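Here's the structure, in structure tokens; my notes come after.
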There are 2 protein chains.
Amino acid sequence: MDSEKKQEMSPNLEVLPLSSALDMGKSCTCFNLRKATRRVTSYYDAALKPCGLKVTQMTLLTAIRVLEPITIKRLAKAIVMDRTTLSRNVSLLNKKGMIDIEPGDDLRTRRLALTEKGHTALVAAFPLWQKAQVEIINELGEDRWASLLEGISDLVALS
Amino acid sequence: MDSEKKQEMSPNLEVLPLSSALDMGKSCTCFNLRKATRRVTSYYDAALKPCGLKVTQMTLLTAIRVLEPITIKRLAKAIVMDRTTLSRNVSLLNKKGMIDIEPGDDLRTRRLALTEKGHTALVAAFPLWQKAQVEIINELGEDRWASLLEGISDLVALS
DNA sequence: GCATAATAAGTGTATATACACCTTGTGCTC
DNA sequence: GAGCACAAGGTGTATATACACTTATTATGC
């Protein structure tokens, strides 16, 4: 009697209440974080276009610049990335001649370091990165941006 | 005369100053966002394990729940995702029987909607999602979390 | 010293992401 | 109504991501 003709539905179809679905969309930390990551990644990638690096690659080179020489496992921990993901990302930049992969003293480990080409690429990328970075800080306002970065760090450190 | 024996290096090898590299790692909006996204995604995925959905899939189902029936292009815009990425993600959930893909009135478009199975999966996922969501809010504290979510939304809306 | 534990890394597979290019369907102009 | 511009979507390719499993090397206990 109630709603008979919308379409043929099974007797007791349970659907998530619209209010719950709306609430999830507005408040889900992960969904909104992923949205922001897509937007921001595209923003930095566009800025880095002239140097041929993506922001993911540039930040990986930067991490190695700071920590070299370093093993896969330690670097993965430092940048909060699965070891196997890092392995593959490193391989790609190794194929492009920007990262050197040598056996460590412990032969189970690899010793990662930037090549000359990697250093040069990073130097070229830096001013492009900086421009995008400043634009975003200015658009948010320095205070809001600083507080946002803190919040993001809190998420990284989730128990 | 200065540093001659570290290794054979070319005469004028330009490297990014360590201070610049350190600063980039600490402050890059994108790098830190991506780190947080990896951590948070893994957090929600672990919570959703019992229902067999990943958080990316659950949030896609949720978006369709709210907007159905909707086209690929409109949904992509709503969730700030490239149209072709969405196409593929929708295909996967279509193969799993959770999303219905019909031709729209305009035959160029597709009409996306949840199937019964999709609705059921979403109902099952909701309490698991909610538990993770509450845990994260509690860990950050409600105020910090709310302000963080606002900042994230600001990033999504970047010009 | 040898058998076994534990550790570091790589591989197979699957999903998420997006750009460049292609196909198809609509509407518009004459 | 024929031709063309535009709009919606799909495909090819490439990178990013991570889990389960495997391989190679080291450390450990006896």
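If you're wondering where the values come from, they're calculated on a predicted model, not measured in any experiment. Labels below follow one simple rule: chain letters A, B, ... track the order of the sequence lines, proteins then strands, and each chain is numbered from 1.
The residue among B/R74 and A/K54 whose nearest nucleotide of DNA chain D lies closer to the 5′ end is B/R74. Along DNA chain C, the nucleotide nearest A/R34 and the nucleotide nearest A/R83 are compared for position; the residue whose nucleotide lies closer to the 5' end is A/R83. Between A/D106 and B/D105, the residue anchored nearer the 5' end of DNA chain C, judged by the nucleotide with its closest heavy atom, is A/D106. With DNA chain D read from its 5' end, the first of the two nearest nucleotides for A/L92 and B/R88 is the one closest to B/R88.
The nearest whole Å value for the distance from the CZ atom in B/R39 to the P atom in D/dT17 is 16 Å. The separation between B/L61 atom CG and C/dT15 atom C1' is 14 Å, rounded to whole Å. For the pair B/M81 CE and D/dG9 C1', the computed distance is 16 Å after rounding to whole Å. Separating the NZ atom of A/K95 from the C1' atom of C/dG10 is a distance of 12 Å, rounded to the nearest angstrom. At whole-Å resolution of the value, CD1 in B/I72 and P in C/dA18 are 14 Å apart. Remark: P of D/dC21 and CG of A/D82 are 15 Å apart, rounded to the nearest angstrom. Computed from coordinates, the B/L53 CG to C/dA16 P distance equals 10 Å when rounded to whole Å. Separating the CG atom of A/N94 from the C1' atom of C/dG10 is a distance of 14 Å, rounded to the nearest angstrom.
At the phosphate of C/dT17, OP1 or OP2 sits under 4.0 Å from a side-chain N or O atom of B/N89. Contact annotation: A/T56 reaches the phosphate of D/dA16 (side-chain N/O to OP1 or OP2, under 4.0 Å).
Base pairing annotation: C/dA5 forms no Watson-Crick or G-U wobble pair, as no partner gives both donor-acceptor distances under 3.5 Å.
Side-chain contact check for B/E135 versus B/Y43: some heavy-atom pair is nearer than 4.5 Å. At a threshold of 4.5 Å between non-hydrogen side-chain atoms, the residues A/M58 and A/L128 do not count as touching. Residues B/L33 and A/T41 fail the side-chain proximity criterion, which asks for heavy atoms closer than 4.5 Å.
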Do any N or O atoms of the protein come closer than 3.5 Å to N or O atoms of nucleotides 4-7 of chain D, and which pairs are they?
none

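Here CG of A/D100 is found 11.5 Å from CD of A/E116. Values are rounded to the nearest 0.5 Å. The line from CD1 of B/I136 to OG1 of A/T29 is 5.0 Å long, rounded to the nearest 0.5 Å. Atom CG of residue A/N89 and atom CD1 of residue A/I79 lie 7.5 Å apart, to the nearest 0.5 angstrom.
Within the nucleic acid shown, A/K96 comes within 4.0 Å of sugar-phosphate atoms alone, with no base atom in reach, counting heavy atoms only. Looking at heavy-atom distances under 4.0 Å, B/R110 makes contact with sugar-phosphate atoms alone, never a base. Note on A/T109: only backbone sugar-phosphate atoms sit closer than 4.0 angstrom, heavy atoms only; bases stay farther off. Across all strands, A/T85 comes closer than 4.0 Å to base atoms (heavy-atom distances). B/T71 comes within contact range of the sugar-phosphate backbone alone, with a heavy-atom separation under 4.0 Å but no base atom that close.
With a glycosidic angle no more than 90° from 0, C/dA5 adopts the syn conformation.
For the pairing with A/D82, the side-chain contact (heavy atoms from CB on, under 4.5 Å) check across A/T84, A/V80, A/L86 returns one residue only, A/T84.
Nearest nucleotide to the B/R38 side chain, out of D/dA18, D/dT15, D/dT25: D/dA18.
Side chains of B/W129 and B/T59: a donor-acceptor N/O pair is absent below 3.5 angstrom, by distance only.
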